[in-house]
Amino acid sequence: KKVHPLLRVDDIYGGVYSPGDGTIDPTSICNAYAKAAKKYGGGVYENVAVSGIEVEDYKTLGGANARRIQAVLTSCGQRIQTPTVVNACGAWANEIA
């Protein structure tokens with residue numbers, strides 16, 4: 001908000017601010033994110049398609065119907081149990097969502 005007061009940030013979980021730099025190397029930042037994810041117990045799976053996402057239905061405390069992620073299914077038959085998925089598929093994001 002300090003940098004750009006008109007920017008809506010209530011749905012942003014993180015970002016990179018580099019005031020002295022006009023560009024960023026996408027490969028390096030992607031590698032840094034992958035390294036940090038692995039450091040904190042996350043996983044990075046490359047060259048594997050997502051074939052499905054398992055969810056379970058539940059009721060919120062207010063009684064509304066909701067779904068939560070249980071696992072990701074891959075094209076090679078692996079089931080990756082996880083409560084969180086980051087859809088970073090770019091132009092193909094809707095195929096996963």
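Note that the numbering runs from 1 along the sequence shown for the chain.
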**Asked** Quick one: side-chain hydrogen bond (donor to acceptor under 3.5 Å, both in side chains) partners of Asp57, sequence neighbours excluded?
**Response** none
**Request:** Kindly give the heavy-atom pair with the smallest separation between Ser51 and Ser75, and that separation in Å.
**Result:** OG-N, 4.0 Å
**Prompt:** Excluding sequence neighbours, so at least two apart, what forms salt bridge (Lys or Arg N to Asp or Glu O under 4.0 Å) with Glu56?
**Reply:** Arg68
**Prompt:** Any salt bridge (charged side-chain N to carboxylate O under 4.0 Å, His left out) pairs touching residues 79-91, not counting sequence neighbours?
**Reply:** Glu54-Arg79
**Message:** Minimum heavy-atom separation for Ile69 and Val55, please, with both atom names.
**Reply:** CA-CG1, 4.2 Å
**Message:** My understanding is that only residues two or more places apart in sequence, or in another chain, count here; which of them pass side-chain contact (heavy atoms from CB on, under 4.5 Å) with Thr84?
**Reply:** Thr82
**Asked** Is there a side-chain contact between Ile53 and Leu73 (heavy atoms, below 4.5 Å)?
**Response** no
**Asked** Excluding sequence neighbours, so at least two apart, what forms side-chain contact (heavy atoms from CB on, under 4.5 Å) with Cys30?
**Response** none
Run the side-chain donor-acceptor check on residues 36-50: report pairs under 3.5 Å with partners two or more places apart or on a different chain.
none

